[in-house]
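A short write-up of the structure that comes next.
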Protein chains: 2
Amino acid sequence: MDRMNWNTKSDNRAARLARAAEALGTQRVGKRVATDAIATLLEAVLEPGDRVCLEGNNQKQADFLAQALVGLDPRRVHGLHMVQSVLALPEHLDVFENGIAARLDFSFSGPQGARLAKLVSAGRIEIGAIHTYLELFARYFVDLTPKVALVAAQAADAEGNLYTGPNTEDTPAIVEATAFSGGIVIAQVNEWVDGKTTTLPRIDIPADWVSFVVKAPRPNFIEPLFTRDPAQISEIQVLMAMMAIKGIYAEYGVERLNHGIGFDTAAIELLLPTYAESLGLKGKIARHWALNPHPALIPAIEAGWVESVHSFGSELGMEDYIRARSDVFFTGPDGSLRSNRAFCQAAGHYACDLFIGSTLQIDLDGNSSTATLGRIAGFGGAPNMGADARGRRHASPAWLKAGREARAGRSGAAGTPRGQKLVVQMVETFREHMQPAFVDRLDAWTLQAQACMELPPIMIYGDDVSHVLTEEGIANLLLCRSDEEREQAIRGVAGYTAVGLARDRRAVENLRDRGVIRRPQDLGIDPREATRNLLAARSMRDLVRASGGLYQPPKRFRNW
Amino acid sequence: MDRMNWNTKSDNRAARLARAAEALGTQRVGKRVATDAIATLLEAVLEPGDRVCLEGNNQKQADFLAQALVGLDPRRVHGLHMVQSVLALPEHLDVFENGIAARLDFSFSGPQGARLAKLVSAGRIEIGAIHTYLELFARYFVDLTPKVALVAAQAADAEGNLYTGPNTEDTPAIVEATAFSGGIVIAQVNEWVDGKTTTLPRIDIPADWVSFVVKAPRPNFIEPLFTRDPAQISEIQVLMAMMAIKGIYAEYGVERLNHGIGFDTAAIELLLPTYAESLGLKGKIARHWALNPHPALIPAIEAGWVESVHSFGSELGMEDYIRARSDVFFTGPDGSLRSNRAFCQAAGHYACDLFIGSTLQIDLDGNSSTATLGRIAGFGGAPNMGADARGRRHASPAWLKAGREARAGRSGAAGTPRGQKLVVQMVETFREHMQPAFVDRLDAWTLQAQACMELPPIMIYGDDVSHVLTEEGIANLLLCRSDEEREQAIRGVAGYTAVGLARDRRAVENLRDRGVIRRPQDLGIDPREATRNLLAARSMRDLVRASGGLYQPPKRFRNW
């Protein structure tokens, strides 16, 4: 085949830049574009059908650019293919309602899940696929490369260098994929520095990766997604946290780990300097973390439990605390956090021995899902961290022990030796409104049919789950010798749910005798001791106090 | 616990920088250090027992810094813990022989594998673990964070910004982990630019992530690891490549893929514009690649087969070709490649439907290994790409079909539906010196005992292999219903090796009837047509010609 031009992408970029220069005139100085010229810029650089990444993290949002995109004329800009990790803002769906965008590949839709489901059934959005974060970033370099990236940073200098501040998050992955494939990168920033009298605290993204910078009228929105008020932790959660610590962390010697979001795991964090300390576990468990700077981790950090934390993003209010604890967090020469979702997801996948998180539904195979009817919630990072990393080759005691148990369980110690990741699903048998967490059939199956998905949206597959932990006890699925045993192990900790009540009592007692199911008393835990007094902080105020006043919770968490 | 100082890492960095400033005096201007002061710099900043990453990629080498490290006084610098992906240079082991370093965590030791094994048995090196690349990078952010990073770049400007040129490789991952954890980053560069009359073509690493820059007396060494001379491709390899294309790529519709190193996969690349074109497969297979710029891919690129290639590293001699084909490769505003091993490994793991590579030994479980006695070779990227990515959630036809076959195979279509990655091991039944590729027992087991490893160094586990391809045919392991069937499927393509001769003939014929084993004739391939004439290039000169003279092979590959 003869092809005359092999540089159509860079020619196309040059054409877009020329159009922008023409349209903007004096509203552009170098890479800086006047705030009120944003629509002019976007209409000049966007072409119908473009693949666009609108930075939607689960925390930081390019909200000004999102609003500007919604406001464009759909006759000029339409049919965009949005490739972004999180749908957090109404604008992220408005672009579909008004015809600016048509197709969507994403990871997590949290607050927009219900509206997303409606738009999908109305045929207003064509979903490509729902991904785990690192998987979506990976596709940015293969078959979902953005043509235009709309990102958010804290500040820019005159040349266009970007300082992201602590919420670096997805930005490096998005910008690298776009900038090196003939794409256009537009950043909204909260402030300018001139590079002379004021300079950037550090450079997170070099200027030559950035096409345009525009100052947003308001600082970008950041969601404090990982803050949990200790006042809301129940005694059942304390009991479950005690079981996690004694029955799993201590049992396997888990030194490197990731916690999901939620009160269940916040309770574990708050029991490290109290209950875990009393068991003599300090220095033996929970030393290295792939985790956002959870405020609930402050007491454990202060008590010297935590050697390192690498973060996906940051957390509002933790800035000064992080700066004052640079031995623990990854920080720049400016003292503020450098987060990086891509590297932290890699760390969660390959360098952690345990993932523990909550879910909404678990079935008899151990499959779990947070998908519920009428909502398309997406996956976020859980599938990546809650999957056995089969490419992993370095050993640790926790990983080897889990692998030995799995081999002994499945095939009586035959098979090639291999380690395994600990993947723990932690749920109360009933969640709010007395909805059972254990079900015969996941809502995910109905959702699959409704939304015409290729596969049901399972968050974590039963094959990958090592333990199910409820207030009734721990079911060690690794030790189960058959699918039938696994089913009974799950029923055995499912309490008074219909699934739990349908257990085969003899089989369950047999599993308990073999240590496959362990009740609190089997672990030497007296449920009466599971009180809130064990929590190292029982309120937001306690967390602030523990931080020596360095942690400054957002207003909505201040109730004193 | 009361702790007085939570910023010991940054204090320690400041102390090291102060020592360096003191020791260097006028041999330092800003971040620039005089070439002949390198020993002074290293002795000033290094402390005994430091965790050090000496950039050791599989291509680019920080060779000047490696030599300098070897030359230090072991009384001052000793007991270092080296954390680097590749041991390529003699100096990478010299540091252990002379006592500068004591402990090693790595990924691949290629040319140094035999010497490494000797040093380990002599007790001169303590190996932490052998990793796949992305796993080692992940640990840089968790429990193997470097204190000092010694990296290589093409050029630096006066401020210390770095331009890596096309071999960016591991540098971003190493530098980010080190710079944001209170560490010291020292870069050797091939050239200075003053930032005024001459500027960097682009910035790959911002200056404030870099502590010192030193100009090396010679350009850093780069190994052309991925160049294969088409003249050396045999007709058996052509036959195997035909089977791969017709029996696997076409069968599953593989659009996104990674190829290992070697003549087997080079043959596939060279058959795309000829054999695969004749099958009408253009645009249907092999569109998106996670791959270094293999010269053998030039004819397929020129024929319009390839939409995109993202690369781990670059390849010597491909610079001008890449620049002239920026639609296909990820390139910077300067026109040269931006590679990135971390992102490309993520792409290989999560965004590719197929990995195909060669191996040295396969056992009856389908486990494969390149470990041979007396050598500790390491893994490189193969375990990451040759493992089912269980965190993956987006569907593709290839992945869904593989998942359906696996489910049908293992449990008669029961189980939760899930996709699966295609992982193909491609070997001739006998390798050089008539060593059988199929063995009852991998050498890896003996090596495990010799080197006291926790697990045998298996490159790709049988559980993860979907197909074994030899000149005898394709064994589809997904369709096997039991371990016994899998064993017979492997024996069935093992030819005249002892493993092959011990087959159960009836079982193998039965597997062939069911399509589990497919011979060339079952695929409609006439082995007599498998001639070198099918190769789109039959020599290095053909590759140069196909590139329009843009590809400039290193001297040792020029034989005309």
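Owing to the predicted nature of the structure, the values given are computational and were not obtained by experimental measurement. Every chain is numbered from 1, with letters handed out A, B, ... down the list of sequences.
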Bottom line for B:Asp143: the part with an atom under 4.5 Å from chain A's heavy atoms is both
With chain B, the option among A:His310, A:Arg323, A:Glu307, A:Arg287 that has the most non-hydrogen atom pairs under 4.5 Å is A:His310
Under 4.5 Å to a heavy atom of chain A? For B:Phe379 that would be side chain
Under 4.5 Å to a heavy atom of chain B? For A:Ala324 that would be backbone
| query | Are the charged groups of B:Arg393 and A:Glu135 less than 4.0 angstrom apart, N to O? | reply | no
When the 4.5 angstrom heavy-atom criterion is applied to B:Pro457 and chain A, the contacting part is neither
- Do B:Arg341 and B:Tyr133 meet the cation-pi criteria used here (NZ or CZ under 6.0 Å from the six-membered ring centre, within 45° of the axis)? yes
Okay, B:Ala179 and chain A: the region with an atom under 4.5 Å from a heavy atom over there is backbone
Hits for ring-ring contact (aromatic ring centres under 6.0 Å, His included) against B:Trp305, two or more places apart or cross-chain, chain-then-number order -> none
**Item:** Heavy-atom donor-acceptor pair, A:Asn161 side chain to A:Pro206 backbone, under 3.5 Å
**Value:** no
Check your understanding: Has A:Arg338 got its NZ or CZ under 6.0 Å from the middle of the six-membered ring of B:Phe180, at an angle within 45 degrees of the ring axis?
Key -> yes
Applying a strict 4.5 Å limit to non-hydrogen atoms, the region of A:Pro201 in contact with chain B is backbone
If one checks every heavy atom of B:Asn12 against chain A at 4.5 Å, the contacting part turns out to be neither
Cut-off 4.5 Å, heavy atoms of chain A, and the answer for B:Ala173 is both
Ranking A:Ala129, A:Ala351, A:Ala387, A:Ala389 by heavy-atom pairs under 4.5 Å to chain B gives rank one to A:Ala351
Is it true that A:Asp11 and A:Arg13 have a side-chain N and a carboxylate O under 4.0 angstrom from each other?
-> no
Most contact-rich option vs chain B, by heavy-atom pairs under 4.5 angstrom, among A:Met385, A:Lys9, A:Met453, is A:Lys9
query: Quick one: do A:Arg202 and B:Asp208 make a salt bridge, cutoff under 4.0 Å?
result: no
* Below 4.0 angstrom, N of the basic side chain to O of the carboxylate: do B:Arg392 and B:Asp353 qualify? -> yes
Bottom line for B:Arg325: the part with an atom under 4.5 Å from chain A's heavy atoms is both
**Message:** Between the side chains of B:Arg418 and B:Asp388, is the shortest nitrogen-to-carboxylate-oxygen separation below 4.0 Å, so that they form an ion pair?
**Reply:** no
Turns out that what part of B:Leu455 lies under 4.5 Å from chain A's heavy atoms comes down to side chain
Cut-off 4.5 Å, heavy atoms of chain B, and the answer for A:Ser181 is both
Applying a strict 4.5 Å limit to non-hydrogen atoms, the region of B:Ile130 in contact with chain A is backbone
Applying ring-ring contact (aromatic ring centres under 6.0 Å, His included) to A:Phe329 and not counting sequence neighbours gives none
Under 4.5 Å to a heavy atom of chain A? For B:Thr145 that would be side chain
Applying a strict 4.5 Å limit to non-hydrogen atoms, the region of B:Ile460 in contact with chain A is backbone
Most heavy-atom pairs under 4.5 Å with chain B, out of A:Trp209, A:Trp289, A:Tyr140, belong to A:Trp209
Notebook entry, point to check: Within 45° of the axis and under 6.0 Å from the centre of the six-membered ring of B:Tyr350, does NZ or CZ of A:Arg139 qualify?
Noted result: no
Okay, B:Asn384 and chain A: the region with an atom under 4.5 Å from a heavy atom over there is both
